[in-house]
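So you know, we letter chains A, B, ... as the sequences are listed, proteins then strands, and number each from 1.
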There are 2 protein chains.
Amino acid sequence: MREGPDIARIASLVGDPARANMLNALMGGTALTASELALEAGVSLPTASSHLSKLMDGGLLTLASQGRHRYYGLAGAQVAGMIEAIIGVAEAVGPKRVRPGPRDAAMRVARVCYDHLAGEQAVAMLDRLFDRKLLLRDDNQIRLSPSGVSHFSALGIETHAKARRPVCRACLDWSVRRSHLAGTLGAAILDKIIAEKWARREKDSRAVVFSPTGRQAFERVFLS
Amino acid sequence: MREGPDIARIASLVGDPARANMLNALMGGTALTASELALEAGVSLPTASSHLSKLMDGGLLTLASQGRHRYYGLAGAQVAGMIEAIIGVAEAVGPKRVRPGPRDAAMRVARVCYDHLAGEQAVAMLDRLFDRKLLLRDDNQIRLSPSGVSHFSALGIETHAKARRPVCRACLDWSVRRSHLAGTLGAAILDKIIAEKWARREKDSRAVVFSPTGRQAFERVFLS
DNA sequence: GGAATGCTTCGATAAGGATCGAACCATGCG
DNA sequence: CGCATGGTTCGATCCTTATCGAAGCATTCC
C-alpha cells in the first residue's frame, strides 16, 4: 500500500456510466453544455450537473462560461489520451465486436459533431477552404478572408459574428485525427447541407448520409 | 448515450482504491499471490479474493496456478499502458506534490513498466533506435527493419514473432509524455539489462537503478 | 421590469458494492 | 489419514453515491 498519485480517484470518475458517456461525447473535441451532456448521458439535468462538478473537481474538465451558456470540454490532450487508452482496453477485453458495420463506415465518412459536420468529408472540406484562401490559418486560429465572406454570402450564409461564439473554430476529428470546421460557420454549413437535402441525419446516430446528387452538389460547392 | 466499448466498466474496476493498489503493485511485472496482494491493498483476504475475481472477470488479470499457489499478473502490456496513462493524469491533476524526492527522480530516469523499461532512458533509447533505422515508424505502428533484426540478433535477442503478441509496440510514458518501446522486444531488452547486471530493480519499487559501468554499457549498446 | 432559459443546489430515496468473520474447498506434508 | 496452509464462498452489515423533483440563482430577451 504505497502512496502515490491517486489513480483510484481518477479512474472512479470515469467509472460511472453517466460520466463515461459524457467524456465519450467530449472526445470529439467540442465543448458541450450541461443540457447536451445530460441528454448524451441519459440522465436528468440535476444529475448531470452533479457529475460535471465532480469531473471539474477531479481536473478532467475545463469550463468556459459564455453568457448563460456554460461549455464543458476535456481538460487537455493528456486526459483524452487516457480515455483513449481505456477505450482500447475495453475494446480488447470486451465482447468481440463484429467487423465495423456499414454504420461505422458511414460515421467515418460524415457525421454530426454537436452542430457541425465531422468525418472525412468535413476534414477534406476544411483543407479545400484553406487551399482556396476562403479561410486563413492564423496562428492556431481560423479567420475568414474577405473573399470568404463574399463567397459564403453568395451561398446565403452570413458570416458576421453576432454572438460570443466564434465564427470559425478548429475541431479535432475523432476518426481522421485532423481538424475540421466548427463555430457558427461550421454550424451554418451543416444547416445548409440539411436544408438543401443534400444529406440526412441517420436515425439515432451521428451519421450523416449524402444522397448521390447531394454529394455532387456538396462537392461542387465546397470541394471544388 | 451511444453504445460502444464499455469504458465505464473497465474504469470502475480501476476506480476502487483496493483494486488500484493491487494493479499498482502488479505494475512491477512480477505476478503476486492473493495474500501478497491483500497485504499490498490493505484489505482482508476474502475482500482481496473478491476484488481479484472481479479483475479477472474484467479481463485485466491473468492467473497462473502452481500447486496451491495462485499467481495473479497483469493481462498484458495494453493494460499496463492504460494504467500508466491514468497515473499520468492523476499526477498532473493531483495535489501539487512536494518536490519529487530521490526515489521519484530515479523512477523518472528508469523504471519497470510491466515487463519492459520506461522512463527517460527508455524514451531516449526508442528515439535512437529510430535514428539508427533499426526500427521504423510505420503509420502508427513500429516495425523492425532488416538491419534491426540482425542488430538485435547480434546482441542475443531473437526478434521473430511467435505468439500473438507484437514484437514492437509503443507505450506512452507518463513521466516524459512520449513513447517508449514495449512488446516482446521491449521485454527482451529489459531482460538483457537485468541479466547483464547493468542495473538492478529497487526493492519495493518500480525504479531501475543503473550502476556506473552498467549505464556506460547500456549507452554504448542502445544510445550510441 | 417581467418572463424565459440554462444551470445549480437541496433534500430525500434507493441501490450498489465494499467489507469482514465464519464456514467451506483444495493442495501439500508427514 | 490427519493436519496445516492458501484461497474462495457465504451472509450480514454498513457506507458510499447515483438519482430525481422541487426550489433557487444567474443571465439574456422582450
A.B. asks: Starting at CG of A:Leu13 and ending at C1' of D:dA18, how long is that distance when rounded to a whole Å?
C.D. replies: 14 Å
A.B. asks: With a cut-off of less than 4.0 Å, is there a side-chain N or O of A:Lys54 near OP1 or OP2 of D:dT17?
C.D. replies: no
A.B. asks: Please report the interatomic distance CE(A:Met125) to CG(A:Leu135), rounded to the nearest 0.5 Å.
C.D. replies: 8.5 Å
A.B. asks: I need the CD-P distance between B:Glu36 and D:dT5, as an integer number of Å.
C.D. replies: 17 Å
A.B. asks: D:dG21, OP1 or OP2 - any side-chain N/O from A:Ser44 closer than 4.0 Å?
C.D. replies: no
A.B. asks: Quick one: A:Arg9 CZ to D:dT16 P, roughly how many Å, whole number?
C.D. replies: 16 Å
A.B. asks: Any idea which heavy atoms bring B:Cys168 and B:Leu185 closest together, and the distance?
C.D. replies: SG-CD2, 3.9 Å
A.B. asks: Looking only at side-chain atoms of B:Asp16, point me to the closest of C:dA18, C:dC7, D:dC20.
C.D. replies: C:dA18
A.B. asks: For B:Leu32 and D:dG7, give me the distance from atom CG to atom C1', rounded to whole Å.
C.D. replies: 15 Å
A.B. asks: Check A:Glu36 with A:Arg70, please: is the shortest side-chain N to carboxylate O separation under 4.0 Å?
C.D. replies: no
A.B. asks: Check this for me, if you would: do B:Arg206 and B:Glu84 make a salt bridge, where the nitrogen-to-carboxylate-oxygen distance has to be below 4.0 angstrom?
C.D. replies: yes
A.B. asks: Under a plain distance cut-off of 3.5 Å, with no hydrogens placed, do B:Ser50 and B:Thr47 share a side-chain donor-acceptor pair?
C.D. replies: no
A.B. asks: Who are the ring pair (Phe, Tyr, Trp, His ring centres under 6.0 Å) partners of A:Phe218, not counting sequence neighbours?
C.D. replies: A:Phe210, A:Phe222
A.B. asks: If the helix axis at each end comes from five base pairs, how far does the helix from C:dG1-D:dC30 to C:dG30-D:dC1 deviate from straight, to 10°?
C.D. replies: 20°
A.B. asks: In whole Å, what is the span from the CG atom of A:Leu61 to the P atom of C:dC7?
C.D. replies: 14 Å
A.B. asks: Looking at CG of A:Leu117 and CG of A:Leu181, how far apart are the two atoms once the value is rounded to the nearest 0.5 Å?
C.D. replies: 9.5 Å
A.B. asks: State whether the side chain of B:Arg201 and the backbone N or O of B:Gly28 hold a donor-acceptor pair below 3.5 Å, judged by distance alone.
C.D. replies: yes
A.B. asks: For nucleotides 8-11 of chain C, give me every protein contact, N/O to N/O, under 3.5 Å, one pair per line with atom names.
C.D. replies:
from	atom 1	to	atom 2	distance (Å)
C:dT8	OP1	A:Tyr72	OH	2.4
C:dT8	OP2	A:Ser49	OG	2.9
C:dT8	O5'	A:Ser49	OG	3.1

A.B. asks: Has the side chain of B:Arg19 got a donor or acceptor atom that lies under 3.5 Å from a matching backbone atom of B:Leu13?
C.D. replies: yes
A.B. asks: Can a side chain N or O of A:His51 be found less than 4.0 Å away from OP1 or OP2 on D:dT17?
C.D. replies: no
